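Notes for the one structure printed next.
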Amino acid sequence: MRLGIARGFFYYDYMLFLKTLFQGTSIETVMGGENNEEILERGSRLTVDEACLPIKLFTGQLEALCETCDRVFVPRLMKDFRGRWLCPKLLGVPELSLGVPKAGKLLVTDPLYFNNEGRTRRSLWKACRQMEIKRGKFEENFTRAYAAQKKVATGSKYAHVEAAWEFSPETPADGEIVLPNTRRIFLAGHCYNVYDKFSNGQIMKKLDELGIEAVTEREVTQTERELAVEGVNLIKEPFWESFIRIFGSALHLRDEVDGIIYLSSFSCGPDAFIIEMLKNYVRNIPIMVLKLDEHKGEAGYETRIEAFADLLEKRKAS
């Protein structure tokens, strides 16, 4: 059986888990291709206008995979290992994908609460049984996959990040002197915006060309994030897992970077809250928010990044 896995949402955080879950079985996993204009056009056609860019790309991925695979795996992720809720888009992905032609190929799991190992195991076994995976092999793979993903959740191991989001600097011409990056920024946002070079317009490459080093939440462990959030004494426990990851990482890194660039999907509810919290609690460095949607204005996008780079240079020189 060819089982498709879309490149989006859970792909960047749970790929290690999914690869381990199907390892050594009769399932041939097929990863979705890199996002591009065609995938975006597919998703835009199949979703409502109000859907955010990640939803449109994910839906386009599902349609493309349904054309070449026997089934397409769609985990319904609800909570992380700490019991915090994941992005509401992730919770509702199956319903948002009903417009996909051949939607009968979508294999949607029962709700997955990763803070409850037994419940997660039962939900995934129900899906794997439909693919005729033997129970013994499932139990063996699930135990290894869950343990590996727990290391990712605690920050002791990196999640799978597609190498395509990175880039190779251009080879210097003969005699050209390449200077090291002189400024450092925290590139903040949800992983499916930060690590998808189509969504973010290859921002890592643009920053490098401007002499700016970008660090992401991968540089911060979960313990460091949570300690940073505890240090500001919020009046209530944060609800969203993404808040801890982004806000906590920003707090931890604020004395180590010259600025923050926040990649935010247009109409993202959690982002609206996180951005305001950053403005209130990270006041000593400049913050720029770049809104991402399907209407890519390359010229304006690059102009804003260049202006931010100039601001950082002036602050460093003062």
Side-chain angles (χ1 to χ4, degrees), residues 1-48 51-77 87 89-110 112 123-134 137-138 141-142 145 149 159-166 190-193 195-200 202 265 292 294 296:
M1 175 186 288
R2 285 168 58 85
L3 182 69
I5 298 177
R7 189 187 300 256
F9 288 136
F10 54 79
Y11 177 89
Y12 295 100
D13 279 338
Y14 290 86
M15 199 62 247
L16 175 64
F17 178 87
L18 294 175
K19 278 190 170 183
T20 307
L21 185 65
F22 300 119
Q23 201 169 49
T25 68
S26 59
I27 302 299
E28 176 192 355
T29 54
V30 179
M31 306 302 163
E34 288 188 28
N35 286 314
N36 52 38
E37 291 291 348
E38 179 191 353
I39 294 296
L40 177 56
E41 189 281 327
R42 284 173 179 258
S44 298
R45 173 170 41 83
L46 294 168
T47 55
V48 296
C52 64
L53 179 63
I55 281 289
K56 292 176 179 178
L57 290 172
F58 190 83
T59 306
Q61 287 266 334
L62 293 181
E63 183 187 45
L65 287 168
C66 282
E67 294 173 355
T68 60
C69 299
D70 301 305
R71 303 296 298 270
V72 178
F73 197 63
V74 184
R76 188 189 288 273
L77 295 165
C87 175
K89 304 188 197 84
L90 278 169
L91 275 59
V93 156
E95 286 72 28
L96 292 168
S97 306
L98 292 177
V100 174
K102 301 181 181 179
K105 287 189 174 184
L106 301 181
L107 180 54
V108 180
T109 70
D110 285 351
L112 300 177
S123 295
L124 284 172
W125 167 239
K126 185 176 179 180
C128 289
R129 186 171 54 187
Q130 296 182 48
M131 294 181 280
E132 299 181 353
I133 295 176
K134 296 185 181 300
K137 187 62 179 176
F138 165 79
N141 283 1
F142 177 84
Q149 190 63 37
H160 170 87
V161 176
E162 178 62 30
W165 80 279
E166 298 174 341
H190 299 280
C191 59
Y192 41 82
N193 287 332
Y195 300 133
D196 186 275
K197 66 179 183 179
F198 177 75
S199 294
N200 63 40
Q202 300 198 62
S265 303
L292 309 178
E294 66 270 33
K296 294 181 175 294

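As the structure is a prediction and not an experimental result, all values here were calculated from the model.
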* Ignoring hydrogens and angles, tell me if any N or O in the side chain of Arg71 forms a donor-acceptor pair with the backbone of Met1 under 3.5 Å. => no
* If you measure only the distance, is there a donor-acceptor pair under 3.5 Å linking the side chains of Asn35 and Ser199? -> no
* If you measure from CD on Gln61 to OG on Ser97, what distance do you get to the nearest 0.5 Å? -> 11.5 Å
* If the plane angle is over 60° it's perpendicular, under 30° parallel, otherwise tilted; pick one for Phe73 and Phe22. => perpendicular
* **Closest non-hydrogen atom pair between Leu21 and Ala145, with its separation** => N-CB, 4.1 Å
* Heavy atoms, side chains only, cut-off 4.5 Å: are Arg2 and Thr68 in contact? -> yes
* Asked: Quick one: salt bridge (Lys or Arg N to Asp or Glu O under 4.0 Å) pairs with a partner in residues 52-67, sequence neighbours left out?
  -> Arg42-Glu63, Arg42-Glu67, Arg45-Glu63, Lys56-Glu294
* Asked: If we only count heavy atoms from C-beta on, is the Leu124 to Pro75 side-chain gap below 4.5 Å?
  -> no
* Got a second to check how far Leu40's CG is from Leu53's CG, nearest 0.5 Å? -> 6.0 Å
* Looking at Leu16 and Thr20, what are the two nearest heavy atoms and their distance? -> O-OG1, 2.8 Å
* Take the angle between the ring planes of Phe9 and Tyr192 and call it parallel below 30°, perpendicular above 60°, tilted in between. => perpendicular
* For Ile39 and Leu57, which heavy atoms make the closest approach, and how far apart are they? -> CG2-O, 3.4 Å
* **Gln130 CD: over 12 foreign heavy atoms closer than 6.0 Å** => yes
* Given the rule in the side-chain contact (heavy atoms from CB on, under 4.5 Å) test, do Cys128 and Asn141 qualify, once you have shown the distances and angles that lead to the verdict? -> CA-CA 11 Å; Cys128 289; Asn141 283 1; over 6 Å; no
* For the pair Phe10 and Leu18, evaluate side-chain contact (heavy atoms from CB on, under 4.5 Å) and give the outcome as yes or no after the intermediate values. => CA-CA 10 Å; Phe10 54 79; Leu18 294 175; 3.9 Å; yes
* OG1 of Thr25 to CD1 of Ile133: how many Å apart, nearest 0.5 Å? -> 4.5 Å
* Asked: Checking side-chain contact (heavy atoms from CB on, under 4.5 Å) for the pair Tyr12/His190: CA distance, chi angles, key distance, verdict?
  -> CA-CA 10 Å; Tyr12 295 100; His190 299 280; over 6 Å; no
Solution key, residues 102-109 side-chain donor-acceptor pairs under 3.5 Å, sequence neighbours excluded:
| from | atom 1 | to | atom 2 | distance (Å) |
| --- | --- | --- | --- | --- |
| Lys105 | NZ | Cys66 | O | 2.8 |
| Lys105 | NZ | Cys69 | O | 2.9 |
| Thr109 | OG1 | Arg76 | N | 2.9 |

* Determine, stepwise, if the pair Tyr195 / Asn200 fulfils side-chain contact (heavy atoms from CB on, under 4.5 Å). => CA-CA 8 Å; Tyr195 300 133; Asn200 63 40; over 6 Å; no
* Taking all non-hydrogen atoms of both residues, which atom of Leu77 and which atom of Leu91 are closest, and how far apart? -> O-CD1, 3.3 Å
* Asked: Which heavy atom in Val72 sits nearest to a heavy atom in Leu62, and how many Å separate them?
  -> CG1-CD2, 3.6 Å
* Asked: If only atom types and distance count, is the side chain of Glu34 paired as donor or acceptor with the main-chain N or O of Arg7 below 3.5 Å?
  -> no
